[in-house]
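Let me begin by presenting the structure, written as C-alpha cells, before commenting on it.
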Amino acid sequence: MTHQSLYRRYRSQNFAQIIGQPHITTALRNAVAQNRHGHAYLFSGPRGTGKTSTARVLAKALNCENLEDGEPCGTCKSCVDIEHGTSFDLHELDAASNNKVDDVRDLIAKVALGSPGRTKVYILDEVHMLSAGAENALLKTLEEPPAHVVFVLATTEPHKVVETIRSRTQHHEFKLLPATDLDKHVRWVIADAGLDVDEAGIEFSLRQGGGSARDTLSALDLVAAGGVPTGSDIGRELALAIGAEDPNAAILAVQGAIVTGREPRTIGEATLRSLRNGFLASMGAPLDQLSEAAQAEAAEISKELGARAITRSLETLGQALVEMRQAPDPRVPLEVALLRLARRGGSDSAVLLERIEALEAQVQALGSASAQTESANAPAQAPAPAPAQPPSPAESAAPPTPKPRPPATRPEAAKPEVAAPPPPPAAPPPPPAPTPTQAAPPAAATDDGPAPSQSGPRPDQPKITLAQLQDALDGSLLEDLDQRIRTRFKSGRFTSVVDGTAVFAAPNSHYVDRVREVSADVEAAIQQKLGAMISIDIQIDQNPAPPSGRATGPPTGPASSQPVDAVEDVGDVAELKPADNVAVSGADRITEAFPGAKIVPPPNK
C-alpha cells in the first residue's frame with residue numbers, strides 16, 4: 001500500500017473528530033439533527049483549520065442512513081462513498097481554477113439533476129477567486145437553489161467575497177487551533193501511526209504549524225522522515241542578534257541558513273514571525289496558538305528588544321521583503337536591513353528620535369523632582385509680613401498722595417492703582433470667652449472689603465494683598481505654567497482680595513470661560529509661590545482700563561485715582577502755520593544718496 005500523507009490519513013470523519021471549532025460543529029450538528037440546516041454556508045478562516053473537512057462531514061450527515069444526534073455513522077454506503085470520494089451526492093469544485101462564467105453556468109445546469117441521496121452538496125473552495133461574471137451567474141441559484149441542494153463556500157479571504165453572496169449564506173468563521181489541542185492531537189497521531197518522533201520533533205511541528213492542523217501534520221511528516229531540519233530556529237537567532245546589537249552574529253546566521261538551503265525570503269518571514277510573537281508578548285496579548293517553548297521564546301525576545309525596537313524591526317524587515325521582489329540578489333536587502341537594525345547606535349533618524357525622547361523624559365523627571373522640592377520649601381522660605389504701625393489721626397485725615405506707577409512691562413491695558421492695605425498686626429492672645437450677657441465684638445473690616453467671615457482663611461496662613469498678587473502676576477508667578485495659561489491670565493487683572501478670594505476681571509464673557517478653565521493651575525501656583533491658599537473668582541471687568549498709546553476720556557470708577565498726563569494747550573488753530581512740504585519721492589532719495597546721478601527717462605515704445 002502506498003504511503004498516504006498524515007493530514008489525509010487522519011482527516012476528520014465526523015463532527016466529534018474536528019478539533020478546536022466547537023462553536024461551529026455544535027451548530028451544524030444541531031441543525032442537521034433538527035432538520036433545520038441552511039441552503040448555503042460560507043466557511044472562512046486560516047488555512048488548515050478544517051473548512052473543507054467540516055463541509056465533507058456536513059455532506060455525510062445530510063445523507064447518512066443511520067444518523068444519530070446529527071452525527072454520521074460512517075458505516076453506511078453513503079458515508080463510505082463520500083469518504084472514498086466516489087459519491088454522486090458530493091461535488092467539489094476548485095473555484096481558483098474554475099472561475100469563469102462558463103464553469104459556473106455548467107455547474108448551474110447540473111444543479112437541478114437528482115442524486116442517489118437525499119441532498120446534493122456542492123463545495124466551492126477558494127470562492128473569492130471567482131470572476132465578477134461568475135459571481136453574478138451564481139447569485140440567483142445560490143439564493144433559491146432546488147430543495148435537495150446545499151452550497152458550501154470555503155475561503156481564506158472572506159472580505160473578497162462580494163456582499164451579495166455573503167448575505168445569501170450562513171457565515172461560520174474558523175479560528176486557529178490552540179497549541180494545547182494540537183499537542184494532544186500530534187501525540188495521538190504519533191502513537192496511532194507508530195512514529196519515532198522525540199520532543200524536539202513535536203516542538204518543531206507545533207512551531208511550524210502555527211495553529212494550523214494541516215501544516216502541523218505536514219511538518220510532523222517531515223520530522224518522521226528525516227528529523228528536525230537544521231537552522232529551524234533562524235528567526236529566534238536573528239531577533240536576539242538584533243536585540244544584542246551584534247551585526248556579525250546576524251550576518252553569520254543568515255549565511256549559515258542560506259548554506260543549508262533556505263531562501264532569503266523564508267529567512268525574513270521566519271524573523272518577522274518571531275518578532276511579531278515577541279511584540280504580542282510585550283503587549284500582553286494571549287498566545288494560545290504557541291507552545292510553551294515558543295511562548296518562552298517570545299517573552300525572551302520581548303525582554304531583549306522592547307516594544308519600540310520590535311516595532312521598528314518589523315517595519316524595516318517588511319520593507320526589505322517588498323524590495324526583494326525587484327532586487328537582483330534578494331540577499332542584499334535582507335542583510336542591509338539586519339545591519340541597520342543591529343547597529344542601533346548609528347545615525348539612523350529613528351535611533352536619534354529614540355535618544356531625544358529618552359533625554360526629554362529625563363529632563364521632565366528632573367523638573368518634576370525640582371518642582372516638588374520647591375513646593376515643599378516654599379512655605380518655610382516665605383517672609384513673614386512685618387507688623388505695621390497704626391496711622392496717626394492726622395495721617396488718617398489727610399488724603400493719600402498718588403504715586404506715579406512705573407511703566408507697564410506688558411502691552412495690555414494699564415492696571416488701576418489700588419492702595420494695598422497694611423498687614424495685620426501681630427495677633428494678641430485670644431480674649432476670654434464672652435459670658436451669656438456679653439456679646440462678642442464685631443469683626444473689623446479691612447481696606448480690601450467687608451469683614452472676613454468665620455469661614456475665611458486660617459489665621460496661621462499669610463494673608464496676600466492685592467498689590468502682592470498683582471506684582472506676582474506681572475512677575476514670576478506664571479513663568480512655570482503653560483503658555484495658554486499665561487496668555488489667558490494676562491488678558492485681565494486682579495481687582496480685590498477678600499476673605500481668601502481674589503477677584504479676577506476678564507475683558508469679556510468669552511475670556512471668563514477660558515480663564516475659569518485654568519484657574520485651578522494658577523491657584524496652585526499662588527500657593528507654591530506665595531505660600532497662601534487663594535481661590536480665584538472670575539468676573540467681567542466693568543471698568544476696563546484704556547489701552548496704552550490711545551487718547552481717551554477721563555477714566556471713571558476705580559481708575560479715576562490714576563494721574564492723567566496734562567494736555568498742552570496749542571492756542572487758536574487759525575494762527576497755526578502750515579509746515580514745509582518735506583515729502584520726498586523714492587527717485588529723489590536715490591539721487592540724493594548718489595551725488596551726480598541723474599534719472600534717465602525710459603525709451604519711447
Side-chain angles (χ1 to χ4, degrees), residues 4-33 37 41-62 64 67-75 79 82-83 90 92 121 123 125 152-156 158 170-195 197 199 201-224 277 286-295:
Q4 192 176 25
S5 298
L6 291 177
Y7 77 87
R8 294 182 58 195
R9 179 179 173 183
Y10 290 97
R11 166 171 277 179
S12 304
Q13 300 301 327
N14 53 46
F15 291 120
Q17 294 180 2
I18 299 174
I19 60 175
Q21 314 295 343
H23 60 294
I24 297 176
T25 56
T26 302
L28 294 177
R29 184 168 56 245
N30 293 338
V32 172
H37 60 83
Y41 293 91
L42 176 61
F43 291 168
S44 66
R47 67 178 188 273
T49 52
K51 297 184 296 295
T52 307
S53 298
T54 303
R56 292 170 65 89
V57 173
L58 178 62
K60 275 186 177 184
L62 292 175
C64 181
L67 193 66
E68 298 180 2
D69 295 332
E71 283 281 8
C73 64
T75 57
C79 292
I82 291 176
E83 183 176 348
L90 177 62
E92 296 189 40
V121 179
I123 301 177
D125 200 9
V152 180
L153 314 179
T155 178
T156 56
Q170 293 184 20
H171 189 186
H172 293 280
E173 296 178 324
F174 288 70
K175 62 181 181 180
L176 291 173
L177 308 182
T180 54
D181 295 345
L182 277 178
D183 183 77
K184 296 178 183 178
H185 186 62
V186 166
R187 295 181 186 277
W188 174 80
V189 169
I190 292 174
D192 186 77
L195 303 178
V197 179
E199 291 295 331
I202 296 176
E203 175 61 30
F204 172 78
S205 301
L206 296 176
R207 186 190 302 271
Q208 291 297 112
S212 170
R214 183 174 64 237
D215 292 356
T216 301
L217 293 182
S218 297
L220 184 62
D221 248 337
L222 176 62
V223 172
N277 292 337
L287 301 174
D288 297 336
Q289 288 76 30
L290 301 181
S291 63
E292 294 182 0
Q295 292 182 15

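Bear in mind the structure is a predicted one, so any value in this text is a computation, not a measurement. For the numbers below, each heavy atom of this structure counts, side chains included, while hydrogens, waters and symmetry mates do not.
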- Message: Applying side chain to side chain contact (heavy atoms under 4.5 Å, CB included) to R187 and I202, what does each step give before you reach the verdict?
- Response: CA-CA 8 Å; R187 295 181 186 277; I202 296 176; 3.5 Å; yes
- Between R47 and D215, is there a side-chain N and carboxylate O pair less than 4.0 Å apart? yes
- Closest heavy-atom pair, V223 versus S205, reported as atoms and distance to 0.1 Å, is CG2-OG, 4.0 Å
- Message: Between L58 and Y41, does the side chain to side chain contact (heavy atoms under 4.5 Å, CB included) criterion hold? Intermediate values first, please.
- Response: CA-CA 11 Å; L58 178 62; Y41 293 91; 4.0 Å; yes
- Message: Going by salt bridge (charged side-chain N to carboxylate O under 4.0 Å, His left out), name the residues that satisfy it together with E68, two or more places apart in sequence or in a different chain.
- Response: none
- Could you tell me whether the side chain of P178 reaches within less than 4.5 Å of the side chain of D181, counting heavy atoms only? yes
- For residues R207 and S291, determine if any side-chain heavy atom of one lies less than 4.5 Å from a side-chain heavy atom of the other. no
- Item | Donor-acceptor contact present, side-chain Q17 to main-chain Q13, <3.5 Å | yes
- Task: Evaluate the side-chain proximity of I123 to V121: yes if any heavy-atom separation is below 4.5 Å, no if none is.
- Result: yes
- Message: Measuring from atom NZ of K60 to atom CD of E71, what distance do you get when rounded to the nearest 0.5 angstrom?
- Response: 10.5 Å
- Query: Would H172 and L28 count as a side chain to side chain contact (heavy atoms under 4.5 Å, CB included) if you check the C-alpha gap in whole Å, the side-chain angles of each, and the deciding distance to 0.1 Å?
  - Reply: CA-CA 10 Å; H172 293 280; L28 294 177; 4.1 Å; yes
- Between Q295 and L287 the two heavy atoms that sit nearest each other are NE2-O, 2.7 Å
- Message: I need the T54 OG1 to I18 CD1 distance, nearest 0.5 Å.
- Response: 3.5 Å
- Task: Report the residue from H185, Q289, Q21 that forms a side chain to side chain contact (heavy atoms under 4.5 Å, CB included) with L177.
- Result: Q21
- Worked check of side chain to side chain contact (heavy atoms under 4.5 Å, CB included) between S5 and S218: CA-CA 8 Å; S5 298; S218 297; over 6 Å; no
- Can you see which heavy atom on V57 is nearest to which on S12, and at what distance? CG2-O, 3.8 Å
- Message: For the CZ atom of R56 and the OG1 atom of T52, what is their distance to the nearest 0.5 Å?
- Response: 8.5 Å
- Message: Testing the basics here: between T49 and G211, what is the closest heavy-atom pair and its distance to 0.1 Å?
- Response: CG2-O, 4.4 Å
- Task: Quick one: pull up CD in E173 and CZ in F43 and give me the separation to the nearest 0.5 Å.
- Result: 12.0 Å
- Heavy-atom closest contact (A61 atom, F15 atom, distance): CB-CE1, 4.0 Å
- Task: Identify the two heavy atoms, one from S212 and one from G48, that lie closest to each other, and give their separation to 0.1 Å.
- Result: OG-CA, 3.2 Å
- Does any N or O in the side chain of K184 come within less than 3.5 Å of the main-chain N or O of A179, such that one atom is a donor and the other an acceptor? no
- Task: Would you mind checking if E83 and R11 are paired as a salt bridge, meaning a charged N to carboxylate O distance below 4.0 Å?
- Result: no
- Message: Nearest 0.5 Å, please: how far is CZ in R214 from CG in L6?
- Response: 13.5 Å
- Query: Can you tell me how far CG of D192 sits from OH of Y10, rounded to the nearest 0.5 angstrom?
  - Reply: 3.5 Å
